[in-house]
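Read the structure below first, then the notes.
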Amino acid sequence: MADVMSMEDIRAEAARLNIDLSSVDWNSIRLPPGEDFGIKSDDDDLNEEDSLEFDAGFGNIIVVDNLPVVPREKFEKLEGVVRKIYSQIGVIKENGLWMPVEEDTGKTRGYCFIEYNTPQEAELAKEKTNGYKLDRAHIFAVNMFDEIEKFMKVPDEWAPPEIKPYTPGENLQHWLTDEKGRDQFVIRAGSDTEVLWNDARQVKADPVYKRPFWTESFVQWSPLGTYLATVHRQGAAVWGGATTFNRLMRYAHPQVKLIDFSPGEKYLVTYSSHEPSNPRDTHRVVLNIFDVRTGKVMRDFKGSADEFAIGGTGGFTGVSWPVFRWGGGKEDKYFARMGKNVISVYETETFSLIDKKSIKVENVMDFSWSPTDPIFALFVPELGGGNQPARVSLFQIPSKEELRQKNLFSVNDCKMYWQSNGEYLAVKVDRYTKTKKSTYTGFELFRIKERDIPIEVFELDNKNDKVIAFAWEPKGHRFGVIHGDNPRPDVSFYSVKGGKVAKLVTLKQKQANHLFWSPGGRFVILAGLKGFNGQLEFYNVDELETMATAEHFMATDIEWDPTGRYVATSVTSVHEMENGFNIWSFNGKLLYRILKDHFFQFLWRPRPPSFLSPEKEEEIMKNLKKYSKKYDVQDQDISVLLSEQDREKRKQLKEEWERWVNEWKKHHEEEKMDRQMLRDGEASDVEEEYEAKEIEVEELLDVSEEVQDV
Amino acid sequence: MRPILMKGHERPLTFLKYNRDGDLLFSCAKDHTPTVWFADNGERLGTYRGHNGAVWCCDVSRDSTRLITGSADQSAKLWDVQTGTQLFTFNFDSPARAVDFSVGDKLAVITTDPFMGLTSAIHVKRIAADPDDQIGESVLVLKGPQGRINRAVWGPLNKTIISAGEDAVVRIWDTETGKLLQENEKEIGHKKTITSLAKSTDGSHFLTGSLDKSAKLWDIRTLTLIKTYVTERPVNAVAMSPLLNHVVLGGGQDASAVTTTDHRAGKFEAKFYDKVLQEEIGGVKGHFGPINALAFNPDGKSFSSGGEDGYVRLHHFDPDYFKIPSI
């Protein structure tokens, strides 16, 4: 490759070749891929990202220091000891252990190199044996080979870090100030990821930002909608803004599989699992918790998949995501994970366990945080063949005080459902019948905000009904249950207001298996996904009436927009056909539909909670007429504009079409004679002469009859 | 009105053609026997026996005396419409696909598939007035396009031939010199195989249907793209109403995937679109498989569809149809 040319050289070369440099359009020049002609790229940070992956050729080698210095006779013994220690952790490569010796004395130098098959093993070895006490005088100091160079470069003198001048960032909440009060959503189809406005008044989606290959597996909004997270081989990244979607931060985590934001979006949890080199070992799991804004790793957790696989009631293999469940509302103060017989609660001030120890709960199966308060509920199944009852307990954090406990008998399974304000907790309890052959379902309702947390037991009208779905009204006091064993189950709505569970209505024989409440409550969609092929019923629970029934054939996903005004139903690529999404109004009117092949994801951009005080909200509700006037006028204007545009468009299309038709007529007329020639003088090729032609045919038939007569 | 179900073919339909008077309907299918029907009541009038392979396409002369058919048995045959006798056989070295009579019926264009190392080709044959004088020699052979040429038709005054097929490109050829005059621009053209092509009654424009789930309307002289109709299914067949500004698209999920899903998923409907506004007007359901062929009666008052299910469905429009508002 040529050395870098100076501008002087370029001018000279250009003069030699007779090229006028000022007339060259530099932007139009494309270099062949992989060739840079010695010109340094100015987006180095892209390459940096790559180097993370490829430079780590020695990532599987560790350096063990502070070994005893031994003479030649004892060399083999020491090697044996070291090999024994390190081969327990992973497979050392053939000739992968190298202990240098001094040439003249034959003594070892007090360190050795060990090469493993994988970087993961090397890292594990470093973690486990750094600080290993061989004896009092020899405490191992283990480092990655790759890091040696880094440590060599540490300057002897401390220099104060350079303070970067403050540059104001973009207003990340800008999308909330949209004049038309629209909501955004992101879709992923094929290799493209696209953010759009839902312009429901104009019955279309308005593109905001589109980027091919934006993510390598999926995208995810942060819970308050500030960030859009993408997932790559090297780690996760977040992007933000109203229209620009600049990259705000990167979080290095090789081979990251899953990500999860804390509810207040202060922290990001990333997860990866790595194939072990020894097939008998379990997968190795790495979890990092990043500070979203600074990108700093606040805490990392490493271990075998077994340690993180506990959880969920089914006892399935692999981790149940999220491993860390966040509690305590939007402040992101606590997070917890379930271990074997323990629940470990961490607080984010220090990122360590509260009181430095976990809460011991024998055989805990499942736990679930209140969405708003630092309270969680946990479930322990029956033990000792029914001698020790199952129980559901509520714990307060950070005091770790047990607020309430309920023992339950002959329990098969429990599921906990919190209402979004944390006011109620419904526990669905599946109990065995006396014969133990089948189960029936009951509910325990905890009223969290009332004194002493009263518990109420209630059952469905027919307690043998299987419960298919359960959903609380967001911020409300009602819930819906889909139950029954029929191919067409029943849907019931209950209210828990006034200290008693009261049934509102049972809708018989519905084609539904999912309930989707509007985020504002009141409206609910009874959806029949999968087996019911996408049946939708839009139901108003205030009036107890069906507003509309519809179908989005093969629909797989349903999501309300964060304001509860619109609903998106989508068919994702689990089906080969029909991929795309529909946007509906809250009352079940289809507004528009967009088809996209290989459709993977549809996600509304969440909104942070309203800044209005409850009083103000109430005032608005009361004077809705006054407030809505403004919007009615806007709606009117837009509908006039739309019909105007439509008329204009139609007129234009018509004129254009008539131009074509006239031209064709002209050509047709011009070619008339030629056509007649081609048809041996037969003139008729126009519709009007159609009748005359028929008469001709009759004559022909007469002729043929005469032939037969002869 | 209830459609008339015409059961006569044992295999999927491939092509439908009305004669100029609109009293006869010719149907081709993968069984070896093209069939002629009364276009009014769907009564079977007769069959044309002689082919030994699937019949892909046919055309009937202006005076309804001659029928030409192209078949997978590597031949195209000329028939006497009235008696059903074979008048002549054009033999090829590969299956014949599309056939079309020129203006004046003195020429016919026949396309052949790529086969055993042979490339696809477009042949122009002279059609003699007296079948005894008929010879098999080609006047012109055009080669070049990759893959099958699914349709080839004559342009205005027989000066050009328009071809379209598997390579998704519409081409216009000069019939005098055999030169390629025009190809459609890549960006605006179809993205997948063009399966069908239908000319307007006056031959001034034509409609192509493609597996890319769209149909496109082109000017026949300049190859200008005028309209695009987007649908949800691969398009196997297209037709244009001679009476109203309507186009009909037929198609559906690939036959091999039909059994895996609900019958509604197949979308085996004939979809009507407003020709000018490109908006969907309605659909006619009925077939149990993809629609492979569509044709409008020249009077515009009925149309027929042929499906993978082996049926031809003949639809006479209700009076309401003619009241559909248009611009």
Checklist line | All side chain to side chain contact (heavy atoms under 4.5 Å, CB included) counterparts of B/Ala152, not counting sequence neighbours | finding: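 Testing B/Ala152 for side chain to side chain contact (heavy atoms under 4.5 Å, CB included), a comparison that skips the adjacent residues, returns B/Val109, B/Thr111, B/Ile161, B/Ser163.
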
Margin query: I need the residue from B/Val103, B/Ile220, B/Asp202, B/Ile226 with the largest number of non-hydrogen atom pairs under 4.5 Å to chain A.
Written below: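 It is B/Ile226.
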
Item checked: Options B/Lys213, B/Lys227, B/Gln278, B/Lys106, ranked by heavy-atom pairs under 4.5 Å with chain A, top entry -> B/Lys106

Item checked: Sequence-distant partners of A/Trp664, ring pair (Phe, Tyr, Trp, His ring centres under 6.0 Å), two or more places apart -> A/Trp657, A/Trp660, B/His205

Next item on the list: Can you label the angle between the B/Phe272 ring and the B/Phe303 ring as parallel, tilted or perpendicular, going by 30° and 60°?
Entry: perpendicular

Item checked: For the student: nearest non-hydrogen atoms of B/Glu176 and B/Asp174, plus distance ->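 The answer is N-OD1, 2.7 Å.
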
Notebook entry, point to check: Side chain, backbone, both or neither: which part of B/Leu243 has a non-hydrogen atom closer than 4.5 Å to chain A?
Noted result: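 Neither the backbone nor the side chain of B/Leu243 comes within 4.5 Å of chain A.
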
Item checked: Contacting region of B/Thr224 [heavy-atom separation from chain A under 4.5 Å] -> side chain

